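Order of the sequence lines sets the chain letters (A, B, ...), proteins ahead of strands, with each chain counted from 1. Quick caveat, the model's predicted, so the values are computed rather than measured.
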Protein chains: 2
Amino acid sequence: MHHAFKDRHTPLYTQAAMLLRHRITSGVWKKGEQLPVIEALMAEFGVARTTIRQALSLLEDEGLIQRARGRGTFVTGAREKPSWLTLDTSWATFLRTLEGNWSKLINVHDEIGYLDLEPGLGKPAAAYRVISRIHGSGDNAYADVCLRLDQRCYELAPKRFEAEFIIPVMESLDQITISSARQVLTIGVADFEVAERLEIAVNAPVGRLRRVLCDEEGTAIYIGDITYRGDLVRLEMNMNR
Amino acid sequence: MHHAFKDRHTPLYTQAAMLLRHRITSGVWKKGEQLPVIEALMAEFGVARTTIRQALSLLEDEGLIQRARGRGTFVTGAREKPSWLTLDTSWATFLRTLEGNWSKLINVHDEIGYLDLEPGLGKPAAAYRVISRIHGSGDNAYADVCLRLDQRCYELAPKRFEAEFIIPVMESLDQITISSARQVLTIGVADFEVAERLEIAVNAPVGRLRRVLCDEEGTAIYIGDITYRGDLVRLEMNMNR
DNA sequence: TCTAATAGTACCTATTATAGGACTTTACGG
DNA sequence: CCGTAAAGTCCTATAATAGGTACTATTAGA
C-alpha cells in the first residue's frame with residue numbers, strides 16, 4: 001500500500017487515479033510516453049490489478065491516457081482546456097472586460113438594516129436594493145452574483161440597473177461618485193445553489209470575491225458578492241508599483 | 001434517492017462532509033451554533049440518515065462539531081482555524097504583509113531554457129535559479145512556492161535570496177529594477193505534492209498565483225508560482241481607480 | 001509462425017458503503 | 001411526569017470496492 005494512500009474515506013482506485021493524474025500533469029510522464037505496466041504499478045502501489053485498472057479507466061475517460069492491449073498504456077495529454085476567461089481587477093480594464101458578456105437577472109428585493117460588512121471596507125447604507133444575477137460569456141455562466149446597491153443610487157436609474165452591468169451604469173451617472181473600491185477574494189467550494197446556477201459540481205472549487213465601492217463619506221454604496229467558477233475564470237492583477 | 005453530489009468515485013458521505021466542513025470553516029455556521037437536524041440535512045442533501053451521520057462523524061473526529069443526543073449537533077471550533085491571513089496584492093502593502101511570516105527552503109536548482117511563459121507576461125531569461133519554498137505564518141504553512149529568479153539577479157546576493165523573502169531583497173538591490181509586475185490567479189485543488197507540503201487534503205481548494213516581474217527590457221527576472229491554501233488565505237485587492 | 005509483452009476478461013470471495021425503516025435513548029421545558 | 005425534539009441503534013437488502021487467480025486476446029518483433 002503506497003504511503004500516499006492514507007485517506008480512508010476515498011476509494012483506493014480514486015486515490016491511485018489522483019496520483020497517476022498528478023504524475024502526468026506535472027510532467028513526470030510526457031505525452032506519448034508509456035506508463036509502467038499494470039504489474040509494475042500493482043507492485044509500486046501495493047494494490048490489486050482491479051484497483052489499477054479502475055484508476056486507469058478513470059484517466060482514460062478523461063482522455064489523459066489511452067490503453068492498448070498487447071502494447072501498453074500511453075499518455076495522450078491533458079484534455080484541451082477551454083481557454084480561460086480572464087477578468088482584470090484593475091478599474092480601467094475591468095470595465096472593458098465586461099463588454100461582450102451577458103447577464104441574467106435572477107431576483108430583486110429590498111433590504112433594510114444590512115450590517116454584515118467588515119470594518120475597514122466601509123459603513124453600510126440605510127437601505128439596499130439586492131440584485132441576484134448570473135454573469136456569462138458565450139455559452140457559459142461564469143459567475144453567480146449577489147449585489148447590494150444603495151437604494152438611493154438604485155432610484156436614479158432603476159430600469160438600467162436591472163438590465164445592465166451595475167458598475168458601468170454607476171460610472172455613467174453624474175450623481176454617483178465612487179471614491180474607493182476594495183475587493184477581498186477567498187477560495188472555497190460550490191454549495192448547492194451556486195452549483196446549480198453555474199452548472200458545476202457541488203464541492204467544485206470556486207473563488208469568492210467581495211467587492212465594496214464607497215462614496216466620499218465612506219458609505220458602501222455597492223456591495224457585491226461574486227462567486228467565480230474555478231474551472232473557467234482567472235483573475236489578472238497588476239501590482240501597480 | 002436523487003442527490004446533487006456528482007462525483008461517482010468518492011463516497012457520498014465524504015462529499016457531504018466536505019461541504020459541511022466548508023460551511024463551518026467559511027463562517028456560514030458560527031462557533032456555538034446548531035447545525036440543522038439530521039432530518040433536515042437528509043432532505044437538503046438528498047441522502048440517507050446513515051450518510052449524514054457518517055459525514056458528521058468525520059467532522060466530529062476532526063473536532064469541528066460536537067453531537068449531543070436529544071439536543072442537536074453544534075459547531076465547536078475546537079480545531080478553530082486561525083483568522084484569515086490577508087495578503088494584499090498592491091505593491092506597497094504587499095511587502096508589508098510579508099513581515100512576520102516565515103519561509104522554509106525545500107529545494108534549489110538551476111534551469112536553462114525555460115519557455116513556459118505566456119506571451120504578454122514577459123520574455124524568459126536565459127537561465128533561472130529555481131527556488132522551492134513553503135511560506136508560513138505562526139504555526140501554519142499557507143503557501144507552496146516555486147519561483148524562478150533570473151540567474152543574473154541571483155548572483156548579486158545568493159545567500160540573501162536563499163534565506164529571505166525574494167522580493168524585498170530584489171527591492172533592496174540597486175542593480176535590480178522592477179519595471180512591471182503582473183499576477184494571474186486561478187482556482188483549483190491541491191494535488192498530492194502540495195497537499196503534503198501544506199498539510200491539507202488532496203483536492204482541497206487552493207488559489208494558484210503566477211507572478212511575473214519584468215525589468216525594463218521586458219525580461220521576466222522573477223516568475224513565481226504560488227499555491228495558497230483556500231482555508232487560510234484571502235487576498236485583498238484595491239481597484240485603484 | 002512463434003514468442004514475449006501486455007492489457008482484457010471472467011469468476012469468486014470478502015468487506016464496505018449506501019439506503020430505508022423502525023425503534024430506543026437522551027435532553028429539556030412545561 | 002409528560003410531551004417534544006433530536007440523536008443513536010439496529011436490522012435488512014443492495015451496490016460498490018478490493019483482492020486473488022486464471023485464462024484469453026492483441027500486438028510487435030524475430
Phosphate oxygens OP1/OP2 of C:dT6: is one of them under 4.0 Å from a side-chain N or O of A:T73? no

Roughly how many Å is it from CD1 in B:I52 to P in C:dA17, rounded to a whole number? 16 Å

Does A:M42 or A:R69 map to a spot on DNA chain D nearer the 5' end, using the closest nucleotide for each? A:M42

Step through the shown structure and confirm whether more than 12 heavy atoms of other residues, nucleotides or ligands are within 6.0 Å of CD on A:E33. yes

Centroid-to-centroid, B:Y154 to B:Y128, below 6.0 Å? no

Quick check for you: among D:dA18, C:dA19, D:dA7, whose closest atom lies nearest to any side-chain atom of B:I38? D:dA7

Given C:dA19, C:dT6, C:dG8, the nucleotide with the shortest approach to the side chain of A:R53: C:dG8

Which of these nucleotides, D:dA22, C:dA19, C:dT6, is closest to any side-chain atom of A:R49? D:dA22

Is B:T51 touching bases, backbone alone, or none of the nucleic acid, heavy atoms closer than 4.0 Å? sugar-phosphate

Specify the separation, in whole Å, of atom OH of B:Y13 and atom P of D:dA15. 20 Å

What is the separation between atom CZ on B:F5 and atom P on C:dT18, rounded to the nearest whole Å? 11 Å

Whole angstrom is fine here: how far is it from CD in A:E39 over to C1' in D:dT21? 12 Å

Using atom CZ of B:R67 as one end and atom P of C:dT25 as the other, report the distance to the nearest whole Å. 19 Å

Does a sphere of radius 6.0 Å around CD in B:Q66 hold more than 12 heavy atoms from other residues, nucleotides or ligands, not counting ones at 6.0 Å or beyond? no

So, OP1 or OP2 of D:dA28: does either fall under 4.0 Å of a side-chain N or O from A:R71? yes

How are the rings of A:Y142 and A:Y228 set relative to one another: parallel (under 30°), tilted (30 to 60°) or perpendicular (over 60°)? parallel

Could you check how far CG of B:L56 sits from P of C:dT18, rounded to whole Å? 14 Å

Are B:R148 and B:Y114 in a cation-pi contact, defined as NZ or CZ under 6.0 Å from the six-membered ring centre and within 45° of the axis? yes

Rounded distance (Å) that lies between atom C1' of D:dA7 and atom CD of B:Q66: 13 Å

Whole angstrom value for the distance that separates P of C:dA17 from CZ of B:F45: 19 Å

